[in-house]
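Reading through the structure tokens given below for one structure.
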Amino acid sequence: MLTLLVNGAPAGQDDLLHMALVNYGAFTSMQAEQGADGVWGVRGLDLHLARLREGGLELFGQAPDEGEVRRWIGQALRDQSGAASVRVSLFSRMISVRNPSARGTPDVMVMAGPPAADPTEALKLRVSRYVRESRT
């Protein structure tokens with residue numbers, strides 16, 4: 001089941017429309033696992049929260065409240081079991097095409113859903129040098 005919250009409330013059509021049309025913000029994605037005691041855990045959660053704090057300060061002039069972000073992640077995980085993928089996005093409804101430089105407390109969208117599937121094949125990596133083409 002997919003859970004999508006904005007500032008702790010179910011996301012509405014206007015929230016999703018704003019995210020799709022403005023597309024300005026910061027995000028972090030993580031895998032959450034539920035322990036035998038029912039408590040959820042995320043490896044490196046402090047690093048994910050630091051990324052959100054830094055993104056909020058740089059883009060909006062304010063960081064989201066860490067306690068609220070933690071609470072909303074927990075709220076989104078309530079309908080999940082065992083393991084889940086979580087994405088936390090920062091955006092601002094104050095920012096628009098007509099007001100692109102608005103500053104203030106960012107809105108927080110939290111998505112939780114089924115965990116990402118393990119790759120079915122071994123991953124391969126190739127290093128290559130790229131030089132951007134220039135038009136002269």
Side-chain angles (χ1 to χ4, degrees):
M1 171 181 227
L2 185 67
T3 301
L4 193 56
L5 305 172
V6 174
N7 301 331
Q13 182 177 356
D14 289 343
D15 298 318
L16 301 176
L17 187 60
H18 182 84
M19 290 285 288
L21 295 177
V22 176
N23 195 25
Y24 181 80
F27 78 93
T28 189
S29 295
M30 59 199 85
Q31 295 293 311
E33 295 180 4
Q34 194 173 30
D37 57 359
V39 175
W40 285 94
V42 173
R43 289 189 186 125
L45 180 60
D46 57 330
L47 300 174
H48 289 285
L49 294 171
R51 182 176 301 125
L52 292 171
R53 182 174 51 256
E54 292 165 9
L57 288 171
E58 183 174 340
L59 298 174
F60 308 110
Q62 291 186 24
D65 180 272
E66 184 177 309
E68 287 182 331
V69 173
R70 286 175 178 269
R71 189 171 66 252
W72 295 333
I73 291 171
Q75 183 180 343
L77 286 170
R78 284 187 196 139
D79 293 331
Q80 308 301 314
S81 63
S85 288
V86 177
R87 177 182 169 118
V88 181
S89 302
L90 303 182
F91 71 103
S92 175
R93 291 176 240 204
M94 295 183 296
I95 293 176
S96 68
V97 174
R98 295 204 165 108
N99 190 15
S101 59
R103 310 277 280 174
T105 305
D107 294 290
V108 179
M109 180 178 284
V110 178
M111 182 280 302
D118 290 332
T120 56
E121 299 177 8
L123 299 176
K124 298 176 184 177
L125 175 68
R126 182 181 80 190
V127 177
S128 60
R129 186 176 303 264
Y130 176 78
V131 176
R132 183 181 291 216
E133 299 173 13
S134 64
R135 295 183 179 167
T136 55

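The figures here come from the full heavy-atom set of this structure, side chains too, leaving out hydrogens, waters and symmetry mates.
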Are Gln34 and Leu77 side-chain neighbours, meaning at least one heavy-atom pair lies under 4.5 Å? no
Quick one, Leu52 and Glu66 - any side-chain contact, counting heavy atoms below 4.5 Å? no
Heavy-atom side-chain proximity of Arg93 to Val6 below 4.5 angstrom: yes
Between Trp40 and Val86, is there shared hydrophobic-cluster membership here, with clusters defined by ILVMFWY side-chain heavy atoms closer than 4.5 Å? yes
Is it the case that one hydrophobic cluster holds both Val108 and Leu16, taking links as side-chain heavy atoms less than 4.5 Å apart, direct or via other members? no
Give, for atom CG of Leu4 and atom CE of Met109, the distance between the pair rounded to the nearest 0.5 Å. 5.0 Å
Heavy-atom pair of closest approach, residues Val110 and Ala76: CG1-CB, 3.7 Å
Is there a side-chain contact between Arg87 and Ser85, using heavy atoms and a 4.5 Å cut-off? no
Does any part of the side chain of Thr105, heavy atoms only, come nearer than 4.5 Å to the side chain of Phe60, both counted from C-beta? no
So, His18 side chain and Met94 main chain: donor-acceptor pair closer than 3.5 Å or not? no
Are any of the side-chain heavy atoms of Pro106 and Leu59 separated by less than 4.5 Å? no
Atom CG of Asp65 and atom CG of Asn7: how far apart are they, to the nearest 0.5 Å? 11.0 Å
Determine whether Met30 and Val69 fall in the same hydrophobic cluster, where Ile, Leu, Val, Met, Phe, Trp and Tyr are linked whenever their side-chain heavy atoms lie under 4.5 Å apart. yes
Is there a path of hydrophobic side-chain contacts, each under 4.5 Å between heavy atoms of I, L, V, M, F, W or Y residues, that connects Phe27 with Leu47? no
Would you check if Arg70 and Leu49 make a side-chain contact, meaning some heavy-atom pair closer than 4.5 Å? yes
Can you give me the closest heavy-atom contact between Leu90 and Pro64, atom names plus distance? CD2-CG, 3.8 Å
On a heavy-atom basis, which atom in Gln80 and which in Pro114 lie closest, and how many Å separate them? OE1-N, 3.9 Å
Side-chain touch Val42/His48, heavy atoms, less than 4.5 angstrom: yes
Would you say Leu5 and Val88 are hydrophobically clustered, going by side-chain heavy atoms of ILVMFWY under 4.5 Å? no
Show the nearest heavy-atom pair for residues Gly61 and Arg103, with the distance to one decimal. CA-NH2, 3.3 Å
